[in-house]
*Asks:* 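Below is the structure I would like to discuss, written out as structure tokens.
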Amino acid sequence: VQLVESGGGLVQPGGSLRLSCVASGSAVKFDIMGWYRQAPGKERELVANIVAEANVNYAESVKGRFTISNGKNTVTLQMNMLEPEDTAVYFCNAKFRVPTIEGYSRQFEEWGQGTLVTVSE
């Protein structure tokens, strides 16, 4: 499985951006898909994820501003009311299983290459 992200860029405070992530691989079962971010000098943190294609989780700092959604092998992050504190490299993340003769494998994890989001005047 490979994850390819798009949609980062420079935006002014209060603006919006939409990040998209497309996962390759057919017949793969995605347990969790989501977005993390890492700001300069800080640890990588969870922004939002979708568990079992149904349960959604958000970091407190983005609740009410960001919306995560998913489709067939895709996950999208709509970011509104962006703040300078949202500046970071955003990474798509997927935890998945591949089909085996006996059903599905153990869980694997994959990361995208990252896309830079800069919120500045």
Side-chain angles (χ1 to χ4, degrees):
V1 170
Q2 287 186 319
L3 305 179
V4 179
E5 302 139 337
S6 61
L10 172 64
V11 65
Q12 292 184 336
S16 298
L17 281 175
R18 185 179 181 90
L19 304 182
S20 296
C21 175
V22 180
S24 64
S26 59
V28 174
K29 180 184 178 191
F30 290 96
D31 292 338
I32 304 173
M33 293 192 78
W35 292 91
Y36 287 72
R37 67 186 180 187
Q38 187 165 19
K42 294 188 177 181
E43 294 187 353
R44 191 173 296 189
E45 63 175 359
L46 174 68
V47 177
N49 65 14
I50 300 178
V51 180
E53 299 185 351
N55 300 314
V56 177
N57 301 292
Y58 292 100
E60 285 295 325
S61 60
V62 307
K63 282 183 179 178
R65 301 187 297 121
F66 291 11
T67 303
I68 190 170
S69 59
N70 68 326
K72 176 68 175 175
N73 285 27
T74 64
V75 62
T76 300
L77 186 67
Q78 177 66 42
M79 305 185 294
N80 298 327
M81 296 182 287
L82 283 160
E83 304 168 352
E85 292 74 23
D86 296 315
T87 295
V89 178
Y90 285 69
F91 296 90
C92 181
N93 175 268
K95 297 177 177 65
F96 60 93
R97 303 174 193 270
V98 296
T100 68
I101 294 175
E102 299 170 335
Y104 281 96
S105 69
R106 65 172 178 86
Q107 192 178 78
F108 294 93
E109 182 175 31
E110 191 57 74
W111 293 89
Q113 79 281 3
T115 185
L116 178 62
V117 171
T118 304
V119 185
S120 178
E121 295 286 356

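In what follows, every heavy atom counts, from backbone to side chain, and hydrogens, waters and symmetry copies are set aside.
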*Asks:* Tell me, yes or no, whether the heavy-atom count around Gln38 atom CD, taken from other residues, nucleotides or ligands under 6.0 Å, exceeds 12.
*Replies:*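 Yes, CD of Gln38 has more than 12 neighbouring heavy atoms, counting only those of other groups under 6.0 Å.
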*Asks:* Calculate, to the nearest 0.5 Å, the distance between atoms CG and OH belonging to Leu77 and Tyr90 respectively.
*Replies:*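 OH of Tyr90 is found 7.5 Å from CG of Leu77.
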*Asks:* If two hydrophobic side chains count as joined below 4.5 Å and joins carry through other members, does Met33 share a cluster with Val28?
*Replies:*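 Same cluster: Met33 reaches Val28 through Ile, Leu, Val, Met, Phe, Trp or Tyr contacts under 4.5 Å.
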*Asks:* Is there a side-chain contact between Val117 and Met79 (heavy atoms, below 4.5 Å)?
*Replies:*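 Yes, at least one pair of side-chain atoms sits under 4.5 Å.
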*Asks:* Of all heavy-atom pairs between Val1 and Ala23, which one has the smallest distance, and what is that distance?
*Replies:*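 Nearest heavy atoms, Val1 then Ala23: CG1-CB, 4.3 Å.
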*Asks:* Are Phe30 and Tyr36 in one and the same hydrophobic cluster, where Ile, Leu, Val, Met, Phe, Trp and Tyr link if side-chain heavy atoms are under 4.5 Å apart?
*Replies:*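 The answer is no; the residues belong to distinct hydrophobic clusters.
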*Asks:* Side chains of residues 43-56: which donor-acceptor pairs under 3.5 Å do they make with residues two or more places apart or in other chains?
*Replies:*
unit_1: Glu45; atom_1: OE2; unit_2: Arg37; atom_2: NE; d: 2.8
unit_1: Glu45; atom_1: OE2; unit_2: Arg37; atom_2: NH2; d: 3.3
unit_1: Asn49; atom_1: OD1; unit_2: Asn57; atom_2: ND2; d: 2.9

*Asks:* Could you state the interatomic distance from OG1 (Thr118) to CG (Leu17), rounded to the nearest 0.5 Å?
*Replies:*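 Rounded to the nearest 0.5 Å, the OG1-CG separation comes out at 9.5 Å.
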*Asks:* Going by salt bridge (charged side-chain N to carboxylate O under 4.0 Å, His left out), name the residues that satisfy it together with Arg18, two or more places apart in sequence or in a different chain.
*Replies:*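 With neighbours one apart ignored, the set is empty.
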*Asks:* Atom CD in Glu110, atom CZ in Phe91: separation rounded to 0.5 Å?
*Replies:*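 Between Glu110 CD and Phe91 CZ, I get 12.5 Å after rounding to 0.5 Å.
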*Asks:* Test your reading of the model: is there a side-chain donor-acceptor pair from Tyr58 to the backbone of Gly64, 3.5 Å cut-off?
*Replies:*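 Not confirmed, Tyr58 side chain does not pair with Gly64 backbone.
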*Asks:* Kindly give the heavy-atom pair with the smallest separation between Trp111 and Leu3, and that separation in Å.
*Replies:*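 In this case the closest contact between Trp111 and Leu3 is C-CD1, 3.9 Å.
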*Asks:* Quick one: which residue pairs count as a disulfide bond (SG atoms under 2.5 Å apart) with a foot in residues 25-103, not counting sequence neighbours?
*Replies:*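 Counting only pairs at least two positions apart or across chains, the disulfide bond (SG atoms under 2.5 Å apart) contacts touching residues 25-103 are Cys21-Cys92.
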*Asks:* Please report the shortest heavy-atom distance between Gln107 and Arg97, naming the atom on each side.
*Replies:*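 For Gln107 and Arg97, the tightest heavy-atom pair comes out as N-NH1, 3.6 Å.
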*Asks:* Does any N or O in the side chain of Ser105 come within less than 3.5 Å of the main-chain N or O of Val98, such that one atom is a donor and the other an acceptor?
*Replies:*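 Confirmed, Ser105 side chain pairs with Val98 backbone.
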*Asks:* Apply side chain to side chain donor-acceptor pair (under 3.5 Å) to Lys63 and list each qualifying residue two or more places apart in sequence or on a separate chain.
*Replies:*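 Lys63: side chain to side chain donor-acceptor pair (under 3.5 Å) contacts with Glu60.
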*Asks:* Mind checking the OG1-CG spacing from Thr87 to Leu116? Nearest 0.5 Å is all I need.
*Replies:*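 One finds 8.0 Å between OG1 of Thr87 and CG of Leu116.
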*Asks:* Quick one: list whatever passes side chain to side chain donor-acceptor pair (under 3.5 Å) with Glu109, sequence neighbours left out.
*Replies:*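 Glu109 satisfies side chain to side chain donor-acceptor pair (under 3.5 Å) with Asn93, Lys95 once adjacent residues are dropped.
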*Asks:* Please output the side-chain donor-acceptor pairs of residues 6-16 that fall under 3.5 Å, not counting sequence neighbours, one pair per line with the distance.
*Replies:*
unit_1: Ser16; atom_1: OG; unit_2: Asn80; atom_2: OD1; d: 2.9

